Amino acid sequence: MQLISRIADLRAALRAERISGRSIGFVPTMGYLHIGHLTLVKKSQQQCDVSVVSIFVNPTQFAPNEDLAQYPRDLPRDLQLLEQQGCDYVFAPDVDEMYPDGNGKTSAYVDAGELSSILMGRLRPHHFRGVATVVSKLFNIVQPDKAYFGEKDYQQLAVIKRMVADLNQPVEVIGVPTVREADGLACSSRNTLLSAQDRAAAVILSQALQLAQVLVNQGERSVFALREAVINKLQQEPRGQIEAVDIRDAETLAEIAEQLTAPAVLLLTVRFGNTRLIDQHVLRL
Ligand code: PAF
């Protein structure tokens, strides 16, 4: 496994791989890796000849009041996990390498369009612009054939797919199902920021998602009734503060008038202390 921190060095290494006819799979991450990330790497290894993982906590997707400084980091541990996984290249640039203007700023951004201002975009207005910008930069640097993203960040995946289609970026974006811990909590680097009590309480998210699917299986189609049932379930756990419960078209993320007629995605955002957790489930009819 090669650890590279300079853009020019990564480009040179990957140019040689491409010339040798090898396909390149790419997994962008912000590090503090867990089994969910390693599942993305595994998928890349199954489908591509060479796998590249980037580790970069991207400042442009955090607002000044958000948890950029607190975001967990442990590069030595990440490298050990990726080495064990048999990853080929790790790209771990510093902030100035990615944003040479200094201070994690850039004058050109990728505007991720309408999908970036709904749902999580209401709570984090510049978040998806920052994600679209850094993912575009990383795509330009790595030039992967395929790129892998977790379905847990459902809106992020939708934003990136849309960006790639709209900007004709030559990469296939592949969504990989959410990996969960034994009690159902979706794997996330942010889980490590939870207190022991909040960690135990956070299982309520996956329980609420399961409840919604059970109700759909029993014939419930009303968006209002499903949303109410999910909110009531989440409220059984007083440690969690509900920020958003949305049921949207699974394909387009458009609002659904009243009744489910096609697969819909249930998106949850719940805060435990200072930590915002998200989770999702596609409700199959
Ligand atoms: O999902 C993440 O970890 C980040 O948003 C990403 C895609 C690596 C961009 O910084």
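Read the numbers this way: they start at 1 and go in the same order the structure lists the ligands and their atoms. Quick caveat: nothing in here was measured; it's all calculated off a predicted structure.
Not one N or O of Thr29 is nearer than 3.5 Å to an N or O of ligand 1, by distance alone. In terms of polar-atom proximity, defined here as any N/O pair under 3.5 Å, Gln61 does make such a contact with ligand 1.
Within ligand 1, counting atoms from 1 as listed, the ones closer than 4.0 Å to a heavy atom of Val134 are 9 (C), 10 (O).
A side-chain donor-acceptor contact under 3.5 Å links Gln155 to the backbone of Met120. A side-chain donor-acceptor contact under 3.5 Å links Arg77 to the backbone of Leu33.
A heavy-atom distance below 4.5 Å is found between the side chains of Ser195 and Arg239.
With hydrogens left out, the protein atom closest to atom 2 (C) of ligand 1 is Gln156 NE2, 3.8 Å, a heavy atom. Among all protein heavy atoms, the one lying closest to atom 3 (O) of ligand 1 is Met30 CG, 3.5 Å.
Residues Arg73 and Asp78 are not paired through a salt bridge, judged by the lack of any N-O separation under 4.0 Å between the basic side chain and the carboxylate.
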Worked check of side-chain contact (heavy atoms from CB on, under 4.5 Å) between Asp279 and Val270: CA-CA 9 Å; Asp279 204 350; Val270 181; over 6 Å; no
